Amino acid sequence: MILPEEQKTALQIWKRTHSCGELNKENTGETVTLMGWVNSRRDHGGLIFVDLRDREGKTQVVFDPEISQDAHIMAHKIRNEYVIAVKGKVFPRGKDAINPNLKTGEIEVKVHEMRILNQSETPPFSLNDYSEIGDDLRLRYRFLDLRRPEMQENIILRHKVALLIRNFLSGRGFLEIETPFLTRSTPEGARDYIVPSRVNPGKFYALPQSPQLFKQLLMISGFDKYFQIVRCFRDEDLRADRAPEFTQLDMEMSFIERDDLFSLIEDLMTYLFKEVLGIEIEKPFPRYDYNDVMSKYGIDKPDLRYGMEIQDLNEIFKNTDFTAFSEVIASGGKIGAIKTEQPEKFSRKNIDDLEIYIKSFGLERMAYIRFKDDNQIQSSIAKYINDEEISALKDKVQAKPGDLLFVVAGNTDTVNEALGMLRIKLANTLKIIPEGEYNFLWVTNFPLFEYSKTEKRYSSMHHPFTAPVDEDIPMLESNPFQARSKAYDLVLNGNEVGGGSIRIHRTELQQKIFDLLGINEIEAKQKFGFLLEALQYGAPPHGGIAFGMDRLTMILANATSIREVIAFPKTQRATCMLTGAPAEVSPEQLKELHLKIDL
RNA sequence: GGGGUCGUAGUGCAGUAUGGUCUAACACGCCUGCCUGUCACGCAGGAGAACGCGGGUUCAAAUCCCGUCGGCCCCGCCA
């Protein structure tokens, strides 16, 4: 079909020749066509300057009545966020007119023809100013929020990360294989999102919390090295680093042991950081035993960009007369301490507030010790500490005059937890966490099981398919709950960015673990029968890991919430402000699914 | 399930402790006009909020109380 020239749309006649981020001095003299959004308009009466924006950047275009009367008149009508196309010539800017803040700052385009491709309402918030916009507004107008350069950078970064991962893994012989979203609910783990089946009345699918079982089956099928960048779903409460649907880099390999996986992942991570941030990360990453990080940092994902480790003072006070301490030692507890940085910043009031915080973990009190010159101390427990203990203490914590030590005593786990949280709190309030530093570490040798106080039973710390440490296998008969597992976490700057394990590849051992978890044979058969069966047909030794892509990207983007790197995130109450999901469905839909709502 | 915090023009905020001076301030944006070298343009003028919603206390409520809705942060939870 041939349209008369004047009926053709702008795009049938005009083709974009460049993005708004790529022109420079080299293009001087070229006639170019740019298309984009009006970022800002500066009307000088005579000249009108417009910063034209697309995802690649901004270019200054100039409307000069001496070049085109028509374009200049039309430029009066345009407003921010109008979509326009301009045809013009690239001019170098004079020395004084160069804008170093713009990629294209050394040129400008003098317009001889313009078309308004679309108008825009005045946006509800400015897309190019420096003030913070409320989260609710941003999410309600996410399509505009995503137009902001910061968000565009984040989303582009996310693409880049995914692409680098795919290229890297493909280069190492990995295959990306899809696994189902409509699958079955499993008893262990997080709450499932469930989906009713119309063709199977009364039955439900569950959306996967992870492709765990499928990737193990793929190993049994012989696919050897698998990965997938995949959405996962968990119906649990949200946090800044936790969304109900999130993206995971999921991996599994056969014929490997833990260290093979570690070195592969270290290669992948250093590659990513090099390509994305231009930063060299040292390999191999340090490895820590779960028990060690728990006693030194009170948490299984310590941020090692700063010190302030938890000190164990039991040895120093083993002969103390102070009953509050001796009783704790006698009962197998721990006297723990943290030496704070910037001790001069702590007033009596600050210390009291910290004690209140410590008490919220169930400890009775927190003592402080301030070291003075010589062998003197100022302390809430000064009268219970003798000179010998003071000098031993000074040695142990390497105290300088003026240093401040916080001391708590009680049940070992509670002391570790409380001091671990105190350590983080101190680091944040003292602002001692260095920016731009990336600290990776592996945490290994997790307990195989953990006791749930709320459910009053043992469950797998990682998941029920995790292999026990070889030398602990005999313990499964004697004291199973002391056994360690071949699970590992990758921690980056205090975030758990990845976790995985070497899996069980023998039916008997898998059955044994189900027994210990109180999953009886019938239930195991019903829910995991396919896995138990598959393990009987030549399952290779295998293991894997999964990474939180959102968290990883968040850290690479230097953002504080994964919402900043997800195009269309949910709110804290798991709703979508854009679409209004979740929402009621029609009675017809419910009827079809044989569902009744009972509120 | 629990704790905290925020909600005032289109946006960001001040005002809330000690109710009356709030006829709600400021900045950005918006509208009109002027301006040929700006780039967070400038100048002059203008419009725009009864303070999330509901109830209560009071002579009087943005401000106090109760409830409720929503955003965010944290604990629990998240194999």
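So that the names make sense, note that chain A is the first sequence line, chain B the second, and so on, each numbered from 1. What you see is a predicted model; the values in this text were computed from it and never measured.
Residue A:Glu364 places its CD atom among 12 or fewer non-hydrogen atoms of other residues, nucleotides or ligands, all under 6.0 Å distant.
With sequence neighbours left out, the side-chain contact (heavy atoms from CB on, under 4.5 Å) criterion links A:Lys89 to A:Thr31, A:Phe91. In terms of the side-chain contact (heavy atoms from CB on, under 4.5 Å) criterion, residue partners of A:Met151 (sequence neighbours excluded) are, by chain and number, A:Arg138, A:Arg142, A:Asp145, A:Leu146, A:Arg148, A:Asn154, A:Glu564. When the side chain to side chain donor-acceptor pair (under 3.5 Å) test is applied to A:Asp489, no partner is found at least two apart in sequence or on another chain. Under the rule for a ring-ring contact (aromatic ring centres under 6.0 Å, His included), A:Phe530 has no partner lying at least two apart in sequence or in another chain. Applying the side chain to side chain donor-acceptor pair (under 3.5 Å) rule to A:Ser459 yields no partners; only residues at least two apart in sequence or on another chain are considered.
For A:Arg239 against B:C72, a side-chain-to-base donor-acceptor contact under 3.5 Å is absent. Looking at A:Glu108, its side chain comes within 3.5 Å of the base of B:G37 through a donor and an acceptor atom.
For the P atom pair drawn from B:A44 and B:G4, the interatomic distance equals 48 Å after rounding to whole Å. B:C74 and B:C28 have their C1' atoms separated by 33 Å, with the value rounded to a whole Å. For B:C35 and B:C41, the C1' atoms lie 11 Å apart once the distance is rounded to whole Å. When the C1' atom is compared between B:C72 and B:C31, the two are found 34 Å apart, to the nearest whole Å. Separation of the C1' atoms belonging to B:A62 and B:U16 is 7 Å when rounded to the nearest angstrom. Here, B:A14 and B:C77 have their C1' atoms 40 Å apart, quoted to the whole Å. For B:G15 and B:A9, the C1' atoms lie 15 Å apart once the distance is rounded to whole Å. Comparing B:G7 with B:G52, their P atoms are spaced 8 Å from each other, to the whole Å.
Remark: nothing in residues 510-521 of chain A comes within less than 4.0 Å of RNA chain B through any heavy atom. Near-neighbour residues of RNA chain B inside residues 136-145 of chain A, defined by a heavy atom below 4.0 Å, number-ordered: A:Asp136, A:Leu137. For the segment residues 38-63 of chain A, residues with any heavy atom less than 4.0 angstrom from an atom of RNA chain B are, sorted by number, A:Arg42, A:Asp43, A:His44, A:Gly45, A:Gly46, A:Leu47, A:Phe49, A:Asp51, A:Gln60.
Closest-nucleotide positions on RNA chain B for A:Thr571 and A:Ser459 were compared, and the one nearer the 5' end corresponds to A:Thr571. Where A:Arg242 and A:Pro123 meet RNA chain B, the nucleotide closest to each residue was compared, and A:Pro123 sits on the side nearer the 5' end.
Checking B:G42 for Watson-Crick or G-U wobble geometry (two distances, each under 3.5 Å) identifies B:C34 as its partner. Here B:A47 sits opposite no nucleotide as a Watson-Crick or G-U wobble pair (both hydrogen-bonding atom distances under 3.5 Å). With a cut-off of 3.5 Å on both pairing distances, the Watson-Crick or G-U wobble partner of B:C64 is B:G56. The nucleotide B:A25 finds no pairing partner, because no Watson-Crick or G-U wobble arrangement with both distances shorter than 3.5 Å includes it. Using the Watson-Crick or G-U wobble rule with both distances under 3.5 Å, B:C72 pairs with B:G4. Of the nucleotides present, none pairs with B:C78 by Watson-Crick or G-U wobble criteria with both distances under 3.5 Å.
Distances shorter than 4.0 Å separate none of the side-chain N or O atoms of A:Thr560 from OP1 or OP2 on B:C72. The side chain of A:Arg573 places an N or O atom within less than 4.0 Å of a non-bridging phosphate oxygen (OP1 or OP2) of B:G70.
Salt-bridge check for A:Asp303 with A:Arg305: passed, with a basic side-chain N closer than 4.0 Å to an acidic carboxylate O. Contact check on A:Arg191 versus A:Glu236 returns a salt bridge, with a Lys/Arg side-chain nitrogen under 4.0 Å from an Asp/Glu carboxylate oxygen. With respect to the salt-bridge test (charged N to carboxylate O, under 4.0 angstrom), the residues A:Glu533 and A:Lys525 do not qualify.
The salt bridge (charged side-chain N to carboxylate O under 4.0 Å, His left out) contacts involving residues 504-519 of chain A comprise A:Glu477-A:Lys512, where partners must be two or more places apart or lie in separate chains. Counting only residues at least two apart or on different chains, the side chain to side chain donor-acceptor pair (under 3.5 Å) pairs with a member in residues 207-220 of chain A are A:Asp192-A:Gln209, A:Gln212-A:Gln216, A:Gln212-A:His463, A:Lys215-A:Asp250, A:Lys215-A:Glu252, A:Gln216-A:His542. Here salt bridge (charged side-chain N to carboxylate O under 4.0 Å, His left out) pairs that include residues 568-583 of chain A, with residues two or more places apart or in two chains, are A:Glu245-A:Lys570.
Contacts of A:Ala97 with the nucleic acid, taken as non-hydrogen atoms under 4.0 Å apart, include base atoms. Among the protein residues, A:Thr575 comes within range of the sugar-phosphate backbone only, with heavy atoms under 4.0 Å from sugar or phosphate atoms but none that close to a base. Nucleic acid contact for A:Asn99: base, since at least one base atom lies under 4.0 Å from a heavy atom of the residue. A:Pro124 comes within contact range of the sugar-phosphate backbone alone, with a heavy-atom separation under 4.0 Å but no base atom that close.
Distances were taken from every side-chain heavy atom of A:Pro65 (C-beta onward) to each of B:G76, B:G71, B:U36; the shortest belongs to B:U36. Minimum atom distance to the side chain of A:Gln572 is reached by B:C72, of the listed B:G1, B:C72, B:G10.
As rounded to whole Å, 15 Å separates atom P of B:G70 from atom CG of A:Leu238. The nearest whole Å value for the distance from the CD atom in A:Glu132 to the C1' atom in B:G7 is 17 Å. One can place NZ of A:Lys425 at 13 Å from P of B:C74, the figure rounded to the nearest angstrom.
Side-chain N or O atoms of A:Thr579 include one that pairs as donor or acceptor with a backbone N or O of A:Ala581 at under 3.5 Å.
If you look at A:Phe63 and A:Phe49, their ring centroids are not closer than 6.0 Å. Residues A:Phe233 and A:Phe246 place their aromatic rings such that the two centres sit no closer than 6.0 Å.
At a cut-off of 3.5 Å, with distance as the only test, no side-chain donor of A:Asp54 or A:Ser19 sits close to an acceptor on the other residue.
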Nucleotides 30-32 of chain B: which of its N/O atoms have a protein N/O under 3.5 Å away?
from, atom 1, to, atom 2, distance (Å)
B:C31, OP1, A:Arg79, NE, 2.8

